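Whatever order the structure lists ligands and atoms in, that order sets their numbers, starting from 1. Note that the numbering runs from 1 along the sequence shown for the chain. What you see is a predicted model, and the numbers here were worked out from it, not measured in a lab.
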Amino acid sequence: MIDGYPFVTYSKEIYEPEEMMQRSTEFYEWMDKRRTVRDFSARPVPRMVIDNIIRAASTAPSGAHKQPWTFCVVTDPAVKRQIREAAEKEEYDSYHNRMSDEWLQDLRPLQTDWHKEFLEIAPYLIVVFKKSYELDPDGKKHSVYYAVESCGLACGFLLAAIHHAGLVALTHTPSPMNFLARVLNRPENEKPFLLLPVGYPAEECWVPDLQRKELEEVSAWY
Ligand code: IYR
């Protein structure tokens, strides 16, 4: 062990195969219930739940443990409106001019369009920002590593935590989404990564009847 860089013992939980098989089945079945949702309820959610969801996301592994992310939470209706207006402007352009015919065709099963009213209905918008580098208060820059992969991992944890709390989210990536840095006045080292409306599902909540790929299609053994 190198001086000045202490290690602590890892507190392991060892399960026998029987219990492990049961736990892994239950976890898969529970994750399989998660769906991306576009119909949100405005019903309030305690702030503490969102804090815990972000804490859980921030346990994700990251390059050299730099945790190159900031989770911004928007509740202010005026800011939500600004975000909706800017997102819809970009999305209108995307759907009408920027997306290929194949892309539009691929989105037909999801029935999406440029209208994004959920950005004002959901009680919380979580905007994940990726740090391209760390920035000290005195302006000194420090490297981060594998920031895209790290933020992707943190967002996976975030979605699992949202599902575990009994809430729903939509992984929304309005493109381009630089307006989010402007509206939220983020520092120069942060770039928007993902925009997630989070809340309860609406009383009447519809999701597309999608099938997931079979295990054999998504795995290969050697
Ligand atoms: N960003 C657009 C379009 C869109 C793109 C993909 I790839 C999706 O999986 C879903 C939507 C929108 O949010 O409508």
Please could you name the atoms of ligand 1 that [X] approaches to less than 4.0 Å, counting only its heavy atoms?
X: H172; answer: 13 (O)
X: K116; answer: 12 (C), 13 (O), 14 (O)
X: E91; answer: 1 (N), 2 (C), 12 (C), 13 (O), 14 (O)
X: T173; answer: 1 (N)

Between L107 and ligand 1, which residue portion shows a heavy-atom distance shorter than 4.0 Å: side chain, backbone, both, or neither?
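The answer is the side chain.
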
Whether H172 and F118 hold their rings parallel, tilted or perpendicular, with breakpoints at 30° and 60°
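H172 and F118: perpendicular rings.
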
Yes or no: does W114 have any heavy atom under 4.0 Å from an atom of ligand 1?
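No, that is not the case, since the closest heavy atom of the residue is not under 4.0 Å from the ligand.
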
With the threshold set at 4.0 Å, does a side-chain nitrogen-carboxylate oxygen contact exist between E217 and K213?
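Between K213 and E217 there is no salt bridge, as every charged N stays at least 4.0 Å from the carboxylate O atoms.
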
Where do E188 and Y133 come nearest, in terms of heavy atoms and distance?
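So the two residues come closest at OE2-OH, 2.8 Å.
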
Minimum heavy-atom distance between L194 and C155, given as atom pair plus value:
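Minimum heavy-atom contact is CD2-SG, 3.7 Å.
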
Candidate pair S58 and W69, rule side-chain hydrogen bond (donor to acceptor under 3.5 Å, both in side chains), full reasoning
CA-CA 8 Å; S58 202; W69 47 63; 2.9 Å; yes

Evaluate R38 for polar contact with ligand 1, using N/O atom pairs at a separation under 3.5 Å.
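In fact, backbone or side chain, R38 has no N or O that close.
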
Distance from atom 7 (I) of ligand 1 to nearest protein heavy atom, with residue and atom:
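The closest heavy atom on the protein side is W103 NE1, 3.6 Å.
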
What residue and atom, counting heavy atoms only, is the protein's closest point to atom 3 (C) of ligand 1, and at what distance?
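Closest protein heavy atom to atom 3 (C) of ligand 1: Y95 OH, 3.3 Å.
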
Is there a donor-acceptor contact under 3.5 Å linking the side chains of Q22 and E26?
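There is such a pair between these side chains.
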
Using atom types as modelled and distance alone, determine if a side-chain donor or acceptor of Y124 lies under 3.5 Å from a backbone N or O of V45.
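Judged by distance alone, yes, a pair lies under 3.5 Å.
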
